[in-house]
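In what follows, chains are A, B, ... by sequence order, proteins preceding strands, each numbered from 1. Remember, it's a predicted structure, so these values are computed and weren't measured experimentally.
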Number of protein chains: 2
Amino acid sequence: MTENDARGDASVTLPPQAGPSGAAAAKLARSIPEATVARLAVYLRMLGELAEQGAETVSSEELATATGVNSAKLRKDLSYIGSYGIRGVGYEVAALHHQIERTLGLDHQQAVALVGVGNLGHALAGYSGFGGRGFPVAALFDVDPDLVGIHINGILVEHVRDIARVCAERGVTIGMIATPGPAAQAVCDQLVRAGVECILNFAPVLLQVPEQVEVRKVDLAVELQVLAFHVARRRAAEAAPGANGAHGPVPATNGSAVLPR
Amino acid sequence: MTENDARGDASVTLPPQAGPSGAAAAKLARSIPEATVARLAVYLRMLGELAEQGAETVSSEELATATGVNSAKLRKDLSYIGSYGIRGVGYEVAALHHQIERTLGLDHQQAVALVGVGNLGHALAGYSGFGGRGFPVAALFDVDPDLVGIHINGILVEHVRDIARVCAERGVTIGMIATPGPAAQAVCDQLVRAGVECILNFAPVLLQVPEQVEVRKVDLAVELQVLAFHVARRRAAEAAPGANGAHGPVPATNGSAVLPR
DNA sequence: TAGTGTGAATTGCTTCACAGCA
DNA sequence: TGCTGTGAAGCAATTCACACTA
């Protein structure tokens with residue numbers, strides 16, 4: 001996907017990061033493909049697990065297998081952030097974990113605001129994975145008088161009209177929109193006015209934003225429809241064998257990773 | 001990229017669909033890029049909205065603008081499913097809607113089973129968008145004794161051990177896994193044993209499946225991390241102007257679409 | 001010697017630009 | 001005349017294959 005897939009301008013320029021390391025700086029000042037950025041996040045999670053298990057090093061082959069990519073792609077991905085491998089040995093788990101964290105900007109926390117605490121929003125607010133991964137939910141908003149004023153996971157639900165003030169106060173950098181479709185654009189405008197420049201959109205609408213604002217869309221209905229397409233294709237292939245149906249390696253690898261309960 | 005995004009083998013073969021139309025059959029028996037399949041689902045939703053508003057026809061330009069793609073891409077996408085446009089006029093909304101539905105296999109309902117009705121799973125079970133879009137949730141499963149036996153949205157939560165029997169009985173074709181990571185593989189194996197060949201995975205693990213099974217992964221942590229990367233990049237660009245920071249058109253277009261409350 | 005880092009080849013997606021039809 | 005449908009060009013991402021080094 002894809003999709004997660006498929007975007008117009010796919011690579012981004014990574015300016016030299018403030019911080020240590022001079023040798024790496026020149027290297028970092030290059031373009032990292034968007035697809036690579038998404039995979040780095042996946043590698044990062046696996047490196048965390050490996051570290052917990054006490055592994056000191058991994059080879060590209062091991063890490064690639066564990067994350068469902070091929071090893072050449074993995075090495076190329078890592079080469080975009082610099083050369084931290086040891087030839088003949090592999091990568092030092094802790095060091096690589098740290099480098100990826102730095103590259104993704106996870107070395108400082110990012111406060112997240114969630115707008116819309118209905119069905120899905122409520123689940124997102126209660127998802128413990130965010131805080132643990134450096135994305136503390138700092139504010140919740142809704143318009144429903146039954147919801148405004150309650151606490152979810154210890155966080156007060158405030159009225160949407162206060163978005164600008166509250167986000168500014170708490171240094172929110174990322175907004176998540178989990179409202180019904182018709183409300184999403186207005187909420188988005190509020191977030192943008194509050195200075196938020198990155199938005200994760202769960203509402204089934206195309207958001208209009210100024211060009212400096214980055215939007216990612218998550219659409220579960222589309223995911224299901226893509227799967228439905230595969231079901232249909234398979235059925236047709238079974239009904240009419242002889243036609244070259246499904247085949248070729250079908251790795252269980254797609255857009256990205258996950259969220260448990 | 002969307003992923004949604006980045007997959008190994010990207011295009012699929014579409015065998016001739018059973019059903020009417022002989023002229024189209026040859027056309028349909030070709031490969032449709034995965035990226036196109038995902039966008040077709042987006043066009044489909046917009047066509048539904050246009051139909052509700054009473055529109056009879058749309059031009060590629062209008063439909064493209066409304067869905068956030070460029071018109072050449074849209075026309076090429078539609079050309080994969082056949083030639084249903086009228087030169088000088090545009091596309092007939094109802095006919096195109098119907099064709100895309102058929103291509104995606106949405107002309108017959110697909111029963112969905114959801115495993116894991118914790119935080120996220122509960123939200124998914126309550127999401128009204130599925131049933132309305134041809135994906136009725138036909139079964140819910142969990143292992144928690146406090147959950148097994150309750151009803152959510154009128155659907156009984158059953159024990160995971162009954163997956164095989166219940167899925168077979170109800171003709172489930174798509175499974176959604178919203179369990180904690182460690183439980184996901186075992187649940188996946190159960191679904192596969194029950195004959196499910198398409199799985200939407202919300203757990204943060206790489207599922208091992210036989211090659212005929214299609215898996216799509218949705219990982220909210222990865223989405224946030226990709227956004228975090230953009231925040232970091234932007235900050236660095238501001239801190240060090242002169243370096244060529246962000247720029248170029250940044251369309252609010254990514255993997256795919258959405259899910260309201 | 002095992003395994004990284006990377007130029008070069010390849011594949012597949014996107015965009016262009018225009019011929020052709022209603 | 002206006003807009004579709006599509007070959008061809010242009011790009012981005014993946015994969016190959018091997019020089020290189022710890």
Side-chain angles (χ1 to χ4, degrees), chain A residues 1-13 23-24 27 30-40 43 57-65 68-92 95-96 99 248-249 251 253 255, chain B residues 1-13 23-24 27 30-40 43 57-65 68-92 95-96 99 248-249 251 253 255:
Chain A
M1 109 240 323
T2 313
E3 144 215 63
N4 4 83
D5 297 2
R7 21 180 40 220
D9 166 18
S11 78
V12 293
T13 301
K27 195 95 205 191
R30 64 162 80 270
S31 176
I32 300 186
E34 185 82 10
T36 292
V37 173
R39 283 191 299 267
L40 286 175
Y43 306 149
T57 60
V58 254
S59 68
S60 63
E61 189 60 44
E62 291 165 345
L63 187 53
T65 304
V69 305
N70 85 31
S71 63
K73 194 193 286 184
L74 181 137
R75 288 200 301 278
K76 179 136 287 195
D77 284 343
L78 295 184
S79 78
Y80 288 114
I81 67 173
S83 299
Y84 300 104
I86 306 158
R87 289 170 197 243
V89 179
Y91 300 87
E92 207 211 309
L96 186 55
Q99 279 310 322
T253 305
Chain B
M1 331 114 248
T2 59
E3 128 287 67
N4 256 141
D5 250 352
R7 22 179 42 218
D9 166 19
S11 79
V12 292
T13 301
K27 196 95 205 192
R30 67 162 80 271
S31 175
I32 301 186
E34 185 82 9
T36 292
V37 173
R39 284 191 297 269
L40 286 175
Y43 305 150
T57 60
V58 252
S59 68
S60 62
E61 188 61 41
E62 291 164 345
L63 187 52
T65 304
V69 305
N70 86 29
S71 65
K73 194 193 287 184
L74 181 138
R75 287 199 303 278
K76 179 136 287 199
D77 285 341
L78 294 183
S79 78
Y80 288 112
I81 68 173
S83 299
Y84 300 103
I86 306 156
R87 289 167 197 246
V89 179
Y91 299 87
E92 207 211 308
L96 185 54
Q99 278 309 323
T253 305

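Distance E34(A) CD to dT14(D) P: 12 Å, rounded to the nearest Å. Atoms CG (L78(B)) and P (dT15(C)) sit 15 Å apart, rounded to a whole Å. Distance CG (N70(B)) to C1' (dC11(D)): 14 Å, rounded to an integer number of Å. The nearest whole Å value for the distance from the OH atom in Y84(B) to the P atom in dC21(C) is 19 Å. Between the P atom of dC18(D) and the NZ atom of K76(A) lies a distance of 15 Å, rounded to the nearest Å. Straight-line distance from the CD1 atom of I32(B) to the C1' atom of dG12(C): 15 Å, rounded to whole Å. The interatomic distance linking K73(B) (NZ) with dT4(D) (P) rounds to 17 Å, in whole Å. In this structure, E61(A) places its CD atom 20 Å from P of dT1(C), rounding to the nearest Å.
For the pair S60(A) and dT4(C), the criterion of a side-chain N or O lying under 4.0 Å from OP1 or OP2 is met. A close approach under 4.0 Å does occur between a side-chain nitrogen or oxygen of R39(B) and OP1 or OP2 of dT14(C). When the side-chain nitrogen and oxygen atoms of Y91(A) are compared with OP1 and OP2 of dG5(C), one or more of them lie within a distance under 4.0 Å.
When every heavy atom of N70(B) is checked against every heavy atom of A64(B), the shortest pair comes out as C-CB, 3.8 Å. Closest heavy-atom contact between Y80(A) and S31(A): CD2-O, 3.7 Å. Nearest heavy-atom pair across V69(A) and R39(A) is CG1-CD, 3.9 Å.
For S79(B), taking side-chain heavy atoms from C-beta onward, the closest of the listed nucleotides dA13(D), dT14(C), dT6(D) is dT6(D). The side chain of S59(A) lies closest to dT4(C), out of dT14(D), dT4(C), dT4(D). Proximity note for S83(A) (side chain, C-beta onward) versus dA13(D), dC16(C), dT6(C): the nearest is dT6(C). The side chain of R75(B) has dT4(D) as its nearest neighbour among dG3(C), dT6(C), dT4(D).
Residues I86(A) and D77(A) each lie close to DNA chain D; by heavy-atom proximity, the contact nearer the 5' end of the strand is made by D77(A).
Judged purely by atom type and a 3.5 angstrom limit, T65(B) uses its side chain to pair as donor or acceptor with the backbone of E61(B).
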Item to complete: Check the pair D77(A), Y43(A) against side chain to side chain contact (heavy atoms under 4.5 Å, CB included), reporting the backbone distance first and the verdict last.
Response: CA-CA 10 Å; D77(A) 284 343; Y43(A) 306 149; 2.6 Å; yes
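R87(A) contributes no side-chain N or O that forms a donor-acceptor pair with the base of dT21(D) under 3.5 Å.
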